Amino acid sequence: MTAPDAQRRAEELRRQIEHHNYCYYVLNEPQVPDAEYDRLMRALENLEREHPELITPDSPTQRVGGMAAGGFAEVRHATPMLSLANAFEESEVKDFDQRVRNLLETDTVVYTAEPKLDGLAVSLTYIDGSLTQAATRGDGERGENVTANVRTIEAVPLRLNPGDWPDLLEVRGEVYMPRSGFGAWNRSARERGEKPLVNPRNGAAGSLRQLDPKITASRPLMFNAYATPTDGLDSDNQYDTLQLLKQWGLPVNAEIRRVSGVDGCLAYFADMAARRDSLDYDIDGVVYKVDDFARQRILGFVSRAPRWALAHKFPAEEEITRLLEIDVQVGRTGALTPVARLEPVFVGGVTVTNATLHNEDEIRRKDIRAGDEVIVRRAGDVIPEVVRAMHERRTRELPPFQMPANCPVCGSAVERLDGETVARCTGGLYCPAQRKQSIRHFASRKAMDIEGLGDKLVDQLVEVGLVHTVADLYRLDHAQLAGLERMGGKSADNLIEALQKSKHPPLERLLYALGIREVGEVTARSLAAHFKSLDALMAASEEALTDVTDVGPVVAGHVANFFRQEKNREVIDELTAAGVEWQPPEERGGEQPLAGETWVLTGSLSVPRAQAKSVLQALGAKVSGSVSAKTSVVLAGEAAGSKLAKAQKLGVRIMDEDQFAELAARHGIRLD
DNA sequence: TATCCTCGAGTTCA
DNA sequence: CTCGAGGATA
């Protein structure tokens with residue numbers, strides 16, 4: 001890059017960074033994902049490294065941490081607040097450990113491993129045990145005096161517990177907003193008609209930068225100490241120092257551990273990554289520090305970062321990518337779902353290429369168009385979503401999305417009923433997409449449970465014309481199957497065997513498998529229990545159907561309509577002719593100690609969820625998916641999330657797995 | 001009629 | 001898991 005180009009590029013980067021700082025800190029409305037901001041910053045740093053003559057005193061790189069909101073006095077840190085080297089890959093962690101071991105000339109190193117809280121770094125000064133000053137990190141050299149605000153945080157002791165602390169003690173740590181507090185604050189903000197906080201991190205930063213401490217006081221902030229630059233404490237390592245701080249009354253994170261060697265570090269990282277979602281605060285990675293202070297001193301510093309510490313970060317949860325086009329998928333009921341085809345992007349630990357856009361209204365509301373740059377988010381186990389389109393980056397007019405008037409698969413008319421958000425293909429089973437999906441549904445585990453009949457195979461069977469309706473499945477023979485792609489004689493045998501095994505389902509499963517609109521697992525069960533036979537159900541009037549719990553006029557209409565269709569009656573006859581014979585619903589015998597109770601399962605249990613569910617049902621309980629005031633008990637496994645939180649809030653009884661096993665055992669049921 | 005509680009349906013990636 | 005909408009209930 002020539003000098004004038006570099007100059008122009010640097011100015012452009014600075015302009016953008018300053019703009020984002022302004023949006024983030026002053027408007028509290030970040031415009032780009034953190035990862036994008038970091039990229040801009042790194043680009044500018046690299047540019048300035050190559051062309052040091054371009055560095056200006058007011059360049060954002062010279063005062064990391066953003067623009068002052070104004071009104072805070074400047075504080076010079078006695079010891080600079082350093083930044084940490086970052087690692088995203090396991091290999092970088094191994095390199096770090098290798099470097100440390102080489103410099104120390106030793107085999108294994110003990111590290112302190114800590115969660116890296118996503119908040120705002122501050123420095124607290126205690127003189128004679130009293131909090132006298134609190135400052136933000138600022139650029140590491142100079143920060144802002146936020147003493148009045150920090151004093152409102154209850155977790156920060158204004159006086160230290162009695163102890164042998166030095167006359168002058170400086171403590172460093174993170175101010176953050178717990179998720180529970182963030183959620184509660186936003187709920188009440190919405191009730192008051194105020195703008196909710198964007199995320200906990202932004203909430204913490206914004207709260208601390210309020211000019212009026214009363215506002216800060218109203219926000220749910222927490223503090224965790226993680227270091228002190230003060231010498232001469234009665235401790236020669238990081239871990240014990242934190243224990244000292246804790247004794248003196250400073251909150252220290254409960255997840256901090258001493259680990260041995262790089263393996264210990266990586267195991268800690270994996271553990272925290274797995275439990276990340278169940279913590280009450282956001283973390284963006286973990287930090288490893290060489291535990292022994294003497295060793296830290298040997299390692300020293302490179303430029304502004306210590307050589308004895310490393311921040312191992314999780315992959316970013318939000319990234320920018322391009323939306324290539326918007327496809328339309330056809331579901332089992334004919335529902336047309338727009339899907340975003342994305343330029344592959346690594347976000348939240350996986351490469352994402354597709355994301356659902358839900359429906360037409362959603363696309364309108366967010367004004368998402370093919371060709372846009374979009375922000376894609378994938379947090380934890382959650383399904384990727386398009387957060388928003390970056391309209392400000394549109395360089396040309398893009399055509400708005402329009403739901404097609406005809407089904408993209410079969411060409412039938414598309415209709416969208418008044419008041420409904422979904423558009424549907426009217427082709428019914430004439431539409432190959434709907435046919436495929438309904439056969440998949442029929443074969444699925446909760447329906448007829450036909451093992452070996454996967455998506456690919458269903459597609460083939462429908463495409464070559466071997467299967468038109470679910471009844472055709474039972475007429476397939478060995479020769480027909482073995483002739484298909486990727487299908488050997490053995491696989492064909494297995495499938496025919498699986499089909500045989502599926503011929504005697506309980507009535508409720510058969511009902512569910514038929515795929516009647518609005519009839520899912522639960523409704524199928526109610527219908528089976530009420531009518532006890534398929535004939536009785538088929539003969540029932542809409543009015544009679546309404547007598548079933550959870551069946552109102554709409555569902556009754558769908559059911560009656562389904563059985564009125566000649567096509568459907570034929571399929572049922574053909575199934576019967578092929579030897580499919582449903583079993584009458586079991587009469588529930590014995591004790592039903594949990595009758596009338598509604599249970600909710602959450603978290604991961606050591607037994608399959610389906611098993612826990614059937615045990616509960618055998619005991620007479622209803623098993624539901626969402627927690628409400630009417631829930632009797634929430635059975636919480638490992639890493640339970642929002643449902644557990646809700647149960648706690650509503651005061652619903654919570655049981656862990658051991659208690660549940662005990663309860664089951666009392667009624668003669670053993671869990672494996 | 002409004003509100004709460006559930007259920008159904010659709011969805012991603014390794 | 002989340003959204004939308006059906007059903008039950010006050």
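From a predicted model like this one, the values you see are computed outputs, not experimental measurements. So that the names make sense, note that chain A is the first sequence line, chain B the second, and so on, each numbered from 1.
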What is the nucleic acid contact for V422(A), judged by heavy atoms within less than 4.0 Å: base, sugar-phosphate only, or nothing?
nothing

Given dT11(B), is OP1 or OP2 found less than 4.0 Å from the side-chain N or O atoms of Q329(A)?
yes

What is the distance from NZ of K630(A) to C1' of dC4(B), rounded to the nearest Å?
7 Å

Ignoring the backbone of V350(A), work out which of dT6(B), dC13(B), dG6(C) is nearest its side chain.
dC13(B)

Just by distance, with hydrogens left out, do Y474(A) and S502(A) show a side-chain donor and acceptor under 3.5 Å apart?
yes

Distance check: side-chain N/O of T421(A) vs OP1/OP2 of dC3(C), anything under 4.0 Å?
no

For D455(A) and dC13(B), what is the distance between atoms CG and P respectively, to the nearest whole Å?
14 Å

Minimum heavy-atom separation for V352(A) to V347(A), with atom names?
CG2-CG1, 3.7 Å

Ignoring backbone atoms, establish whether T549(A) has a side-chain N or O less than 4.0 Å from OP1 or OP2 of dA8(C).
no

Give the nucleotide from the list dA5(C), dG4(C), dG7(C) with an atom nearest to the side chain of E420(A).
dA5(C)

Is the distance from OP1 or OP2 of dG8(B) to the nearest side-chain N or O of K446(A) less than 4.0 Å?
no

Against the side chain of K622(A), the closest entry in dA9(B), dG6(C), dT6(B) is dT6(B)

In whole angstrom, give the distance that lies between atom CG of D550(A) and atom P of dA5(C).
19 Å

Give S626(A) one of three labels, base, sugar-phosphate or nothing, depending on what nucleic acid heavy atoms sit under 4.0 Å from its own.
base

Closest to the R332(A) side chain, choosing from dC5(B), dG10(B), dG6(C):
dG10(B)

Length of the OH-C1' vector between Y512(A) and dA9(B), whole Å:
9 Å

Classify the ring geometry of F269(A) against F314(A): parallel below 30°, tilted from 30° to 60°, perpendicular beyond 60°.
tilted

Just N and O in the side chain of T351(A): are any of them under 4.0 Å from OP1 or OP2 of dC13(B)?
no

Less than 4.0 angstrom between a side-chain N/O of T356(A) and OP1 or OP2 of dT12(B), yes or no?
no

Just to be sure I understand the rule, does E521(A) reach a base, reach only the sugar-phosphate, or reach nothing, if contact means heavy atoms closer than 4.0 Å?
sugar-phosphate

Using the closest heavy atom to pick a nucleotide of DNA chain B for each, name whichever of T353(A) or G331(A) lands nearer the 5' end.
G331(A)

Would you confirm whether R509(A), through its side chain, and A447(A), through its main-chain N or O, come within 3.5 Å as a donor-acceptor pair?
yes

Would you say E362(A)'s side chain and N359(A)'s backbone share a donor-acceptor pair under 3.5 angstrom?
no

Can you find a side chain N or O atom of R517(A) that sits less than 4.0 Å from OP1 or OP2 on dG8(B)?
no

Evaluation steps, side chain to side chain contact (heavy atoms under 4.5 Å, CB included), between R440(A) and D455(A)
CA-CA 7 Å; R440(A) 277 178 205 175; D455(A) 291 1; 3.2 Å; yes

Think N354(A) has a side-chain N or O under 4.0 angstrom from the OP1 or OP2 of dC13(B)?
yes

Here the distance between atom C1' of dT11(B) and atom CZ of R377(A), to the nearest Å, is 17 Å

